[in-house]
Amino acid sequence: MPNTLALLACLLALATAAAAYNNGVGKLPVMGWNTWCSTTPKQMRELGVDAPDLCGLTDNCNAQELMDAADALVASGMRDLGYTLVAADDCWSAFNRTADGNLYALPSEFPDGIEAVADYVHERGLLLGLYLCIGTETCRRGRPGSYGHYEQDANFLSNFVDAVKIDNCNRPANTTELELYSAFSAAFNATGKPVIVMLCEWGDANSEPYEPVEQWGPTIAHSYRVQMDHLPLWSLPTKGAGAGYGQGTKQVIEYMAYLTAPPRSFSSVEYGMMDPDFLETLFFPTMSFIDSRTEFSFWTLFSAPLIVATNVYDIMSDPAKKTILMNADAIAIDQDPLLKTGHRVANNSDGTQVWMKPLANGDLALICFNSHDLLPLRCSISWAQLGLPSTASLALRDIWQQKDLGSFTGGYDVPLLLPHDVVYLRATPQ
Ligand code: GLA
């Protein structure tokens, strides 16, 4: 990138660093569902097969899938717990624009247009989210990107869309993420309609001379992806493009430990969430119950957007999925108004870890985590690790057991934890 552009990018970041992106919506982490790793009901269900979409491999979505998800969010009670977003990923648009230059939905999958889906979800008290891309084409199968159309897309889509995810593929070589994302965000702001803007920049701008997305993301968007895609696997150390230590849950947790530790100490803020990407809750067959519950524990500790990318149509008949996604105590920690992104306070050589997140009422959310892949381990939290006097007494509530455990002085010894498992606690100083 020419030096002048680099300088401009830095100046822009500094100039906007103070202000969060407050347009009246998206103050707390957004919650909802996205088509990305869910089933493809139209093709598969007609064949009687409930098969996973494998996160874009078959790359289909359709109006019925989105409407089914909306119905499930309402009927299950998920909407009332805060899951209000119904979002289509890189699958909804046609492969060209209309004669007017507007994006439109693939007619074979959305016979009444995306506007009809918007009406359907709005009638149910939900929000519609759509995928867009900052570059000339989207990431998968080359649907139209928004480059050269930012104002047009913002003006047209803000008539019926409540949230946009903006991806980072096919960005012209002489541009930076910061300038393009700033321009697209400004175009949405100029419409006057409060749209939730979610950056999907993969933490890519982290190398010099660019400012990392953690610095400028919150100034132009409600959330910003901190790294490459989280795939529905416990461990996948290959990081691909973008920042991070890999794409499994384990690597995402480790990268969040790095981002939240000094000297970086990044955190979500009001209207600006760090986004470790989708929840891959119980993706079959690679996300076990324990792995999924641990993922949800950390995402809520991170104050992350809670966007479920696996299917929710069957949530009512899936007690395991319900147990994880509908735990009101965990959701309250995610939505806690202090919005501190939880950080690691102990990384023990046996593989146990202790994490904490301060909450608005003075409570602490605590995770004791067995990161070992094979061994069950005992895990201990000492109040000294949390910066408290060892004489302090904390009342503990076990979030997954849904049980008050009583008061503890000095610390808490967690009984044996299975590999990858956590104990998730809410601690109230006495
Ligand atoms: C990128 C994004 C994913 C998904 C795909 C769609 O990889 O990071 O979340 O949106 O593109 O093609």
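Atoms within each ligand, like the ligands themselves, are counted from 1 in listed order.
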Evaluate the ring planes of W33 and Y313, with Trp represented by its six-membered ring, and classify them as parallel (under 30°), tilted (30 to 60°) or perpendicular (over 60°).
-> perpendicular
At a 4.0 Å cut-off, with the gap strictly under it, does some heavy atom of D167 reach an atom of ligand 1?
-> yes
Is it possible for you to check whether R293 lies under 6.0 Å from the centre of the six-membered ring of F289, through NZ or CZ, and within 45° of that ring's axis?
-> no
Going by the order shown, which atoms of ligand 1 are within less than 4.0 Å of some heavy atom of C200?
-> 2 (C), 8 (O)
P144 backbone acceptor or donor facing R97 side chain under 3.5 Å = no
Of D277, T138, D90, the one whose closest heavy atom lies nearest atom 6 (C) of ligand 1 is D90
Considering only heavy atoms of R225, which atoms of ligand 1 have at least one such atom less than 4.0 Å away?
-> 8 (O), 9 (O)
Any V213 side-chain heavy atom under 4.5 Å of Y181 side chain | no
For ligand 1, which atoms, with element, lie under 4.0 Å from some heavy atom of K165?
-> 3 (C), 4 (C), 9 (O), 10 (O)
List every atom of ligand 1 that sits less than 4.0 Å from any heavy atom of C139, numbering the atoms from 1 in the order shown and giving each element.
-> 1 (C), 11 (O), 12 (O)
Atom 10 (O) of ligand 1: of D229, D89, I307, N34, the nearest heavy atom sits on D89
Step-by-step disulfide (SG to SG under 2.5 Å) determination, C139 to C169 = CA-CA 5 Å; C139 294; C169 279; 2.1 Å; yes
Would you check if there is a donor-acceptor pair between the side chains of D350 and T352 at a distance under 3.5 Å?
-> yes
Mind checking whether M228 has a heavy atom under 4.0 Å from ligand 1?
-> no
